[in-house]
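Down below is the structure, laid out as C-alpha cells.
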Amino acid sequence: MLRIRDISYSVAGRPLFESASADIPAGHKVGVVGRNGTGKTTLFRLIRGELALEGGAIEVPKLARIGGVRQEVPSSETSLLDTVMAADAEREALLTEAETATDPNRIAEVQTRLADIDAWSAEARATQILRGLGFTQEEIAQPCSAFSGGWRMRVALAGVLFAAPDVLLLDEPTNYLDLEGALWLEDYLTRYPHTVIVISHDRGLLNRSVGAILHLEDRDLTLYQGPYDTFAKVRAARIAAKEAEIKKQDDRRAHLQSFVDRFRAQATKAKQAQSRIKMIERMETITTPQEAALRRFTFPEPEELSPPIVTSESASVGYGDRAVLARLDLRIDQDDRIALLGRNGEGKSTLSKLLAGRLSTMGGRITTASKLRVGYFAQHQVDELRVDETPIDHLRRMRPAEAPGRARARLAGFGLGAEQADMLVGALSGGQKARLSLLIATLDAPHLLILDEPTNHLDIESRESLVEALTAYTGAVILVSHDMHLLSLVADRLWLVKGGRVAPYEGDLDEYRRMLLGREDKPKEEAAKPAPKAKRPTREAMQGLRSEVKKSEARVSKIAEMRDKLAKKLADPALYEDKRAGELEVWNRKYAEVMEALERAEALWMAAQERLERAEA
C-alpha cells in the first residue's frame, strides 16, 4: 500500500498540494490526470523522495523498489541488450557476488534469490521488451551511441520495465513511442505484476491499462475506481450536481436580495431586511471544481479544389540513393481522413515528407493540384521554434503586413491568450509550443494537413478540441499518431506502410491492434504446432463470434450508407454537363471502389455468420 497522508507542497509560493491524501493498494494500476501545471510530475518527485514535503507524509512499503524513467540513457558503446540488463542493479550485484562468495550459506542465499528473480532468463526478457518497443533483432546488438535521444529514451524505458520495480512510475511514456510501441506498452502494463502509477493524456492507455484514476485538482487528490471513461462520467455527474446546487443558491440569494432592495428603506420592514442581509452574508459560496477552459482550435477553411488533390504513379522516395518506399500508386481527395499505420522505421515519416513536398521522388511521378497548399506538423518542429521570440513575433515575421489585432486573434483561436502571446517561446509549456506549431502549420488554410504525432504535450482537453477541429476541417488530413482515440475518431481510411510499400488496410484499428499483440505474444514454435481437435466453443468464444457478426454487419451498413450518398451524387443532372465530364469520371470511379468494398464486406459478413452457425449447431 502506497499511502499519501495530508501532504502539502508549494512551488515559488504557489501551493500545489494542501492536505491532499490518497491510498494506492499494492499491485494496482493507476492513471494520474489533471490539468498541466497542477503538479503531476512534482507528485512523482515527492514519492521518490527527491523533494521535501512541507507537511504530511508519503508512506512506501518497507524495502519496496521505486523505479521510473527520468532521462535518456547516455550515448555509449554498450549494446542495447547489455544496457537494459544492467538496469536491474540487484541482479548485477548478485551475479558479481556469486562469482566471489565463499560462504556456503551465502552462496545458497544468492543462488536462491537469483532463481526467485528469474535471473537466468534475463537476456530473453530484455530482448522481448526491446522488440516490443520497436527495436529489431539487429539493432538490439548495436551500441547506444548509434541511436538518437528519442530512441535512447525507449532504451531507458526498456531498462526500468526489465528491472520490474515494486512501484513503477511512468511520466507520459507514450510520448516517445509510435502507435505499435504504445499498443505493446498498454498490453505489457496490464500484465505487469506490481504497482503501476502512470501520468498520461492517452485515453486508450488510461482505458485499457489502468483500473483507477488519481485526479489532481484544486490542490487535492481524488482516487476514482475504474478506467478513464468511467472517471469522466462520474466526474461530469458530480459537476452537474454542483452546478445545480449553485443555481439553487443563486436563486435563493436573488430572492433575499430582492426583499432587501424593496423594503430596506421602510421603517416597518427594516428589521426583516437586515435579517435577510445577514442571511446573504452567511451563505457559503459554492464553487465548481477548477475546469480546464476548453481551448478550441480554429482552423482556417480552404477553398474547394477539384479531386484528386494528390496522385502518385509508381513513385519511389528515399534518402541518397536508397529508396525507402517504392511503387507508390496513391490518390488523395480533399475530403479524405487517412491514418498511416506501420512499425517505426517502415517509412511513415518519409511518406509524410514526400506528400508535404519536403522530399522529391526518386522515380515515378507525383502530381498535385495547381493551387494546392499543404500544412505540415512534425514533432521536431516544436523544437525548431525560436525560443528568444514571442508567439506574436513568429506571426509578425510570417505575416508582416497583418494587423496586430488579427495576429492576436489567430493566437487566441489556438488557445494562446494575451499573456502567452507576449511570452518568450522558451518559457511556454510543451502544450503551448505545440499549439503555436499547429497554428503555423495551418496559417495558410492548407487543402492538405499532414500531422505527425500532433498530440504529444497536449492534455486530454486539448486533444478533444483537436478532434473537434479536425472533424470540422474541410481539407484532407494525413495522420501519424500513437493516440488510438484520436485515430478512431478522425480517420476514415487506413494505409499500412510496410515492406517498402503503402497499401489500404482493410480491417479497423481494433483488428490492427489485435494483429500486433497476437504476433508479439505467440512464439514461432507454438505457431508451428498442429491445430488441436475441434472442441465445442466456450461461452466466451461464442460471444466473440456473435460480436464479429455484429461488427461485420455494422461495416456493411456503413459502406452501404456511403454507396447511397454516392448514388445520390451521381443522380444530380448537373453532373452530366460537358464541362464536368472529368468530375463525373471521378465520382464514377469512387462509386466503383465503394461497390467493391461493399462486396468484400458482405463476403466477410457471410463468412462470420457461417462460423457462428457452425458453432451453434
Side-chain angles (χ1 to χ4, degrees), residues 2 22 24 28-48 66-71 132-134 150 153-154 156-158 160-161 165 167-192 194-217 221-235 292 379 429-431 434 453-467 481-489 509 513 517:
L2 173 65
I24 299 175
H28 279 221
K29 313 293 192 303
V30 177
V32 181
V33 301
R35 290 184 296 114
N36 289 336
T38 52
K40 300 185 293 293
T41 300
T42 300
L43 177 64
F44 273 17
R45 298 188 66 190
L46 290 168
I47 292 173
R48 287 195 293 255
I66 301 176
V69 182
R70 305 186 201 181
Q71 59 186 13
L133 293 176
M153 284 296 294
R154 296 193 189 203
L157 175 59
V160 74
L161 294 177
V167 180
L168 176 60
L169 305 178
L170 296 178
D171 192 345
E172 291 289 358
T174 59
N175 270 5
Y176 38 87
L177 298 178
D178 54 15
L179 174 61
E180 289 68 26
L183 292 176
W184 179 89
L185 180 64
E186 282 181 15
D187 185 61
Y188 190 88
L189 292 181
T190 61
R191 295 180 282 108
Y192 190 77
H194 309 301
T195 303
V196 176
I197 307 175
V198 55
I199 298 170
S200 181
H201 293 128
D202 188 328
R203 284 185 71 148
L205 184 148
L206 293 174
N207 275 323
R208 290 187 285 265
S209 298
V210 305
I213 298 294
L214 183 63
H215 188 213
L216 278 67
E217 182 180 53
L221 296 168
T222 306
L223 188 67
Y224 293 78
Q225 294 302 319
Y228 183 85
D229 283 352
T230 300
F231 151 76
K233 291 175 184 176
V234 171
R235 177 169 156 68
Q379 300 177 69
S429 69
E453 295 294 356
T455 59
N456 283 0
H457 308 297
L458 294 182
D459 57 25
I460 290 179
E461 290 81 6
S462 297
R463 294 181 184 208
E464 294 301 323
S465 296
L466 180 61
V467 167
S481 179
H482 65 261
D483 189 331
M484 282 275 284
H485 181 70
L486 173 72
L487 296 181
S488 65
L489 292 178
L509 285 168
R513 178 175 180 272
L517 297 180

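Not measured: the values here are computed from a predicted model.
In this structure, the salt bridge (Lys or Arg N to Asp or Glu O under 4.0 Å) partners of Arg513, at least two apart in sequence or on a different chain, are Glu186. Residues forming a side chain to side chain donor-acceptor pair (under 3.5 Å) with His28 (at least two apart in sequence, or on another chain): none. Residues that satisfy the side chain to side chain donor-acceptor pair (under 3.5 Å) test with Asn175, not counting sequence neighbours, are absent from this structure. Scanning for salt bridge (Lys or Arg N to Asp or Glu O under 4.0 Å) contacts around Asp202 gives an empty result, with sequence neighbours left out. A search for salt bridge (Lys or Arg N to Asp or Glu O under 4.0 Å) contacts involving Glu172 returns nothing, not counting sequence neighbours. For Thr41, the side chain to side chain donor-acceptor pair (under 3.5 Å) partners two or more places apart in sequence, or in a different chain, are Asp171.
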Determine whether Lys233 and Asp229 satisfy the following criterion, salt bridge (charged side-chain N to carboxylate O under 4.0 Å, His left out), listing intermediate values before the conclusion. CA-CA 6 Å; Lys233 291 175 184 176; Asp229 283 352; over 6 Å; no
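Salt-bridge formation is not detected for the pair Glu461/Arg35: no Lys NZ or Arg NE/NH1/NH2 atom is positioned less than 4.0 Å from an Asp or Glu carboxylate oxygen.
Of the possible donor and acceptor atoms, one in the side chain of Lys40 sits under 3.5 Å from a partner among the backbone N and O of Gly34. In this structure, the side chain of Arg154 engages the main chain of Tyr176 through a donor-acceptor pair within 3.5 Å.
Counting all heavy atoms, side chain and backbone alike, Ile197 lies closest to Phe44 at O-CZ, 3.3 Å. Val210 and Leu206 make their closest contact through CG2-O, 3.1 Å (heavy atoms, listed as atom of the first residue, atom of the second, distance). A pairwise comparison of heavy atoms in Arg48 and Leu169 identifies CG-CD1, 3.8 Å as the closest pair.
Counting heavy atoms from C-beta on, the side chains of Arg203 and Leu486 never come closer than 4.5 Å.
Below 30°, between 30° and 60°, or above 60°: for Tyr188 and Tyr192 the angle between ring planes is between 30° and 60°, a tilted geometry.
Exactly one residue among Asp459, Val33, Thr455, Leu458 makes a side-chain contact (heavy atoms from CB on, under 4.5 Å) with His201. That residue is Asp459.
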